Amino acid sequence: MSKRILNIVTCAYRATLEEQDDPILWLTHSMRAAKAPVDVLLLSNAVCYLVRDQDASGLTLGGWSQSHPPRLVDDAAALADGGASVFYNAADARTRGIDPADVVDAAIPIETEALPELLSRYDLILNW
Amino acid sequence: MTTGKTFTFALMDPPFETARSTTALRLIDATLRRGHHVNVFAYEGAVYLPFALQQAHANAAHGRSAEEEDHPLPRRWIADLMAAAAAAGVKLDWVNCGLCVDERGARESIEGVRRGGPPDFVSFIEASDNTLVVPTRD
Amino acid sequence: MLIASRDPFTAKDTESFYALAAKLAARGHPVTLFLVQNGVLPARGGAAAELLTGLAESGVRVLAEDFSLRERGIGADRLARGVESAPLERVVDALAGGARTLWT
């Protein structure tokens, strides 16, 4: 039986313009494509990835224009559509002024007190 | 048309690790577009920004070929900025700190990048109207 | 000009940087705090937004880079009171104007 894995993402927007992805959301997608049952927990600034209406289009440098800007909300939602559970710390969202109505429907809010129980559901926790 | 002003930027971060390197290059682009000359002192990991061996790749997670993905490569950005500067009659003078290059094995840079050191940074500062350090952070 | 590329939620010294801006303004220096990258996050709202509003009320000009705001889904109608959206070119203007410019 495969190990149940939880990928925890804390950093946000670290090099997402250059990589055109969040490296850990991308890795999660790739791990799931390799049949690993991986879920995601977004903490700290990474909760911002779930806010609708983010638009990183239009980046230009010299004569170069970005053809595939990162679409982090879509990537997080796609993980959920593909069967992953995408959790986020509700307190971290509130601290950052993020209203629950701003967050994509597929994401699951978790209060801080509930984090230990959530972590206990997984065989392996990868804290990126 | 050039304003005749010169600005120096000192960079420290390598490519693909922080948002600062992208913002710094955007700032350099904006400075050149304003008609100013630009000096860059690339220090520490920033010597990898113009590394000639950076290579684009496909993105299987999004189903894109290497060509479709058009993955950003800072070496291409910098080459583009150099070309744009030349076309506009302004100067982009990029110096990689030589000791930083040596310890990292980052010797293969794109054309137009020159090897230097702290004395070049001092010369840049003295010849510039203003200088900005884009520092690295934990 | 003080350029804040990090946010107070994760970088402890960001508030010290804000305090520096306030102290400079209190001594009569014209000061701009320019928020870029995750530095714009507190402009969305919440307790940290009050830090920015407080700075604006104490005479610091608080600007948030427009691309960074859009990248993070922070609309102009959601900016903390006293924070203005501005293009990255404002940094070039500050340098050209001879401003001492610090980035953290």
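A, B, ... follow the sequence lines: proteins, then strands. Residue 1 opens every chain. Keep in mind that what you see is a predicted model, and the values were worked out from it rather than measured.
Of the atoms belonging to A:Asp102, it is side-chain heavy atoms, and not backbone ones, that fall under 4.5 Å from chain C. Of the atoms belonging to A:Ser44, it is side-chain heavy atoms, and not backbone ones, that fall under 4.5 Å from chain C.
More than 12 heavy-atom neighbours from other residues, nucleotides or ligands sit within 6.0 angstrom of CZ on A:Arg121.
Checking side-chain atoms of A:Ser120 against main-chain N and O of A:Glu117 turns up a donor-acceptor pair under 3.5 Å. Side chain of C:Thr101 to backbone of C:Ala99: a donor-acceptor contact under 3.5 angstrom is found. Of the possible donor and acceptor atoms, none in the side chain of A:Arg96 sits under 3.5 Å from a partner among the backbone N and O of A:Val47. Proximity of a side-chain donor or acceptor of A:Ser2 to a complementary backbone N or O of A:Ala36 within less than 3.5 Å is not detected. Using a distance-only test at 3.5 Å, with no hydrogens or angles considered, no donor-acceptor pair links the side chain of A:Asn45 to the main chain of A:Cys48.
For A:Arg94 and A:Glu111, the salt-bridge test passes: some basic side-chain N is under 4.0 Å from an acidic carboxylate O. Of the charged side-chain nitrogens involved, at least one lies within less than 4.0 Å of a carboxylate oxygen, so that A:Arg52 and A:Asp105 count as a salt-bridged pair.
Residues of residues 67-74 of chain A placed with any heavy atom under 4.5 Å of a heavy atom in chain C are absent; none qualify. Inspection of non-hydrogen atoms places A:Ala12, A:Tyr13, A:Thr16, A:Leu17 of residues 12-29 of chain A under 4.5 Å from chain C.
Ranked by heavy-atom pairs under 4.5 Å with chain C, the first of A:Thr10, A:Leu59, A:Asp53, A:Asp55 is A:Asp55.
Applying the side chain to side chain contact (heavy atoms under 4.5 Å, CB included) test between A:Tyr122 and each of A:Leu124, A:Leu118, A:Leu119 identifies A:Leu118 as the sole match.
In terms of heavy-atom proximity, A:Gly97 sits nearest to C:Arg78 at O-NH2, 3.2 Å.
With 3.5 Å as the limit, one finds no donor-acceptor pair spanning the side chains of C:Asp13 and C:Ser16.
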